[in-house]
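Here's the structure we're looking at; comments come further down.
Along the sequence shown, residues carry numbers from 1.
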Amino acid sequence: METNAHGQPADPPLALRRPTVSAVICTVDRPVLLRQAIRSMREQRYDGVIETVVVFDGTAPDQSLNSDDAERPVTVMANTHRKGLPGGRNCGAAAATGEYLGFCDDDDTWLPGKTEAQVALLEERPDADVVVCGLEVDHRGELIPRPLKTDEISLGDLLDDRVMEVAFVTAMVRREAFLDPNRLGGADEHIPGGYAEDYEFVLRAARRHPLPTSRAALVRIGWGGHSSFAERWRTIDSALGYLLDAFPEFVEHPRGHSRVLGQRAFAAAAVRDPRARSLIGDTLRADWRQPRAYLALGVWARLLPPDRVVAALNRRGRGI
């Protein structure tokens with residue numbers, strides 16, 4: 001082994017060094033889950049540095065989580081941006097030092113091969129700023145695999161179908177692109193309540209360039225416990241309206257347009273908002289086959305409890 005003048009192992013030649021990856025974890029008072037998420041970063045099969053930046057949103061940072069490990073350092077900090085997931089992601093990204101950025105919520109984990117696979121894909125595709133992978137859903141202990149089925153995800157794919165596998169937690173991004181609003185930009189801190197912020201981000205990324213994929217499930221996400229958006233129907237309605245305004249391309253994709261309109265109709269029906277009736281009509285005019293219109297009609301007629309509908313969909317690894 002080569003050593004330096006101090007008798008310590010010499011640094012590898014620059015050409016052999018792997019890029020540093022920064023993993024940004026946003027958390028709100030879920031210490032047990034947070035430690036599992038951090039552990040998943042330490043267990044990555046990647047021979048480069050992975051720095052973990054933990055952003056505490058509205059709670060005091062747990063300084064005991066800081067680590068100066070040379071290969072897997074951990075830094076904790078308070079969110080100094082707007083409260084919510086988008087602000088937390090942007091705050092962590094600004095503090096990160098890695099060439100590539102990945103994201104994780106405190107109830108999710110990266111599977112061991114995620115970093116290696118996505119760094120390799122970014123190195124193979126210098127034309128792309130964002131790559132994504134498949135995932136598996138952990139619904140109360142039942143694992144539901146959701147691999148991706150294509151080698152690229154286009155804007156049209158995302159407009160037609162939410163493709164729930166394509167999200168912040170499955171993405172890896174060139175940090176310089178994330179920090180440059182003229183190139184890609186970070187999470188949108190203005191979307192109401194932060195709802196659908198990952199959908200907005202991947203739509204924006206795919207608008208610039210199709211997203212290369214690692215088809216395998218490389219992330220595990222938790223469903224079925226407490227959700228930050230449970231029963232926040234008015235916020236969901238507002239955020240989806242914001243999304244439709246930001247991406248007028250939806251109108252050219254009736255299936256996707258009706259899906260988002262149906263989600264808005266369901267949210268409005270859940271809180272007995274009279275606009276639910278017109279939103280149901282808009283949904284059916286966009287695509288009469290859209291099932292969310294009929295679910296919203298059942299909720300509006302008090303035949304279906306909205307929370308039970310969502311729970312049933314979650315059991316199938318899906319959302320409303």
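H253 and D160 form a side-chain donor-acceptor contact under 3.5 Å, judged by distance and modelled atom types alone. Using modelled atom types and a 3.5 Å distance limit, the side chains of S67 and D69 yield no donor-acceptor pair. Side chain to side chain, D287 and Q290 fail the donor-acceptor criterion of an N or O pair below 3.5 Å. Between the side chains of H209 and D127, at least one donor N or O lies within less than 3.5 Å of an accepting N or O. Side chain to side chain, T97 and E51 meet the donor-acceptor criterion of an N or O pair below 3.5 Å.
By the criterion of side-chain heavy atoms lying less than 4.5 angstrom apart, applied directly or through intervening Ile, Leu, Val, Met, Phe, Trp or Tyr residues, L297 is not grouped with L240; the two fall into different hydrophobic clusters. Under the 4.5 Å side-chain heavy-atom criterion for grouping Ile, Leu, Val, Met, Phe, Trp and Tyr, L218 is not connected to L122 through any hydrophobic cluster. No path of Ile, Leu, Val, Met, Phe, Trp and Tyr side chains, each step under 4.5 Å between heavy atoms, connects V137 with L111, placing them in separate hydrophobic clusters. One hydrophobic cluster, built from ILVMFWY side chains closer than 4.5 Å, cannot hold both M164 and L143; they sit in different ones. Cluster annotation: V130 and L179 are assigned to the same hydrophobic cluster (Ile/Leu/Val/Met/Phe/Trp/Tyr, side-chain heavy-atom contacts under 4.5 Å, transitive).
For the atom pair OG (S278) and CD1 (I280), the distance works out to 8.5 Å, reported to the nearest 0.5 Å. How far CG of L101 is from OG1 of T20: 11.5 Å, rounded to the nearest 0.5 Å. Atom CG of L34 is separated from atom CG of D62 by 7.5 Å, given to the nearest 0.5 angstrom. Remark: F266 CZ to L295 CG distance equals 6.5 Å, nearest 0.5 Å. Considering CG of L279 and CG of L284, their distance stands at 11.0 Å, rounded to 0.5 Å. Note that CZ of R264 is 14.5 Å distant from CD1 of I320, once rounded to the nearest 0.5 Å.
Through chains of ILVMFWY side-chain contacts below 4.5 Å, I191 is grouped with Y242.
Salt bridge status for R215 with E165: absent, with no side-chain N to carboxylate O gap under 4.0 Å. Ion pairing between E71 and R42 fails under the 4.0 Å rule for side-chain N and carboxylate O. For E43 and R72, the salt-bridge test fails: no basic side-chain N is under 4.0 Å from an acidic carboxylate O. Contact check on D105 versus R89 returns a salt bridge, with a Lys/Arg side-chain nitrogen under 4.0 Å from an Asp/Glu carboxylate oxygen. Ion pairing of R162 with D198 is present here, as a side-chain N (NZ or NE/NH1/NH2) and a carboxylate O approach within less than 4.0 Å. Ion pairing between R174 and D129 holds under the 4.0 Å rule for side-chain N and carboxylate O.
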Set out, in order, the CA-CA distance, both residues' side-chain angles and the distance that settles side-chain contact (heavy atoms from CB on, under 4.5 Å) for E116 and Y46, then state yes or no. CA-CA 5 Å; E116 179 62 44; Y46 180 68; 3.4 Å; yes

Please report the C-alpha distance between L159 and L203 in whole Å, then the side-chain angles of each, then the deciding distance to 0.1 Å, and finally whether the side-chain contact (heavy atoms from CB on, under 4.5 Å) criterion is met. CA-CA 8 Å; L159 291 168; L203 283 167; 3.9 Å; yes

Run the side-chain contact (heavy atoms from CB on, under 4.5 Å) check on E189 and E197 step by step: do they pass? CA-CA 8 Å; E189 297 186 30; E197 44 95 32; over 6 Å; no

Could you go step by step and tell me if R285 and D282 meet the salt bridge (Lys or Arg N to Asp or Glu O under 4.0 Å) rule? CA-CA 5 Å; R285 280 187 288 275; D282 291 342; 2.7 Å; yes

Are R17 and E99 close enough, and set up right, to give a salt bridge (Lys or Arg N to Asp or Glu O under 4.0 Å), and what steps lead you there? CA-CA 12 Å; R17 294 178 190 169; E99 182 177 342; over 6 Å; no

Give the intermediate values and the outcome of side-chain contact (heavy atoms from CB on, under 4.5 Å) for residues L121 and R125. CA-CA 6 Å; L121 189 54; R125 295 292 303 270; 4.2 Å; yes

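With contacts defined as side-chain heavy-atom distances shorter than 4.5 Å, the pair V166/L158 qualifies. Between D108 and R220 there is no side-chain heavy-atom pair separated by less than 4.5 Å. Under the 4.5 Å side-chain criterion, counting only non-hydrogen atoms from C-beta, P86 is not in contact with D188. You'll find the side chain of K114 reaches within 4.5 Å of the side chain of Q118, heavy atoms only. Taking 4.5 Å as the limit, every side-chain heavy atom of Q263 sits out of range of all side-chain heavy atoms of I236. Between E200 and L243 the shortest side-chain heavy-atom distance falls below 4.5 Å. At a threshold of 4.5 Å between non-hydrogen side-chain atoms, the residues T115 and R45 do not count as touching. Counting heavy atoms from C-beta on, the side chains of V55 and D57 never come closer than 4.5 Å.
Panel note: side chain R175, backbone Y100; no donor-acceptor pair is recorded below 3.5 Å. Checking side-chain atoms of T27 against main-chain N and O of F56 turns up no donor-acceptor pair under 3.5 Å. A donor-acceptor contact shorter than 3.5 Å is absent between the side chain of E142 and the backbone of D138. Judged by distance alone, with hydrogens and angles left aside, the side-chain atoms of S22 form a donor-acceptor pair with the main-chain N or O of G98 at under 3.5 Å. Proximity of a side-chain donor or acceptor of R259 to a complementary backbone N or O of T283 within less than 3.5 Å is not detected. Between the D157 side chain and the S154 main chain, a donor and an acceptor come within less than 3.5 Å of each other. Listed for the S258 side chain is a donor-acceptor partner under 3.5 Å among the backbone atoms of R255.
Of all the heavy atoms in V271 and W233, the pair that sits closest is CG1-CB, 3.7 Å. Residues C91 and N79 approach most closely at CB-OD1, 3.5 Å, considering heavy atoms. Taking each heavy atom of C104 and A37 in turn, the nearest pair found is SG-CB, 4.3 Å. Closest approach of V28 to D106, counting heavy atoms only: N-OD2, 3.2 Å. The minimum heavy-atom distance between R18 and G48, with the atom names listed, is CB-CA, 3.7 Å. The heavy-atom pair separating N66 from T75 by the smallest distance is OD1-CA, 3.3 Å.
When ring centroids are compared, Y199 and F247 stay outside the 6.0 Å threshold.
Just one of F178, W110, F201 meets the ring pair (Phe, Tyr, Trp, His ring centres under 6.0 Å) condition when paired with F103; it is F178.
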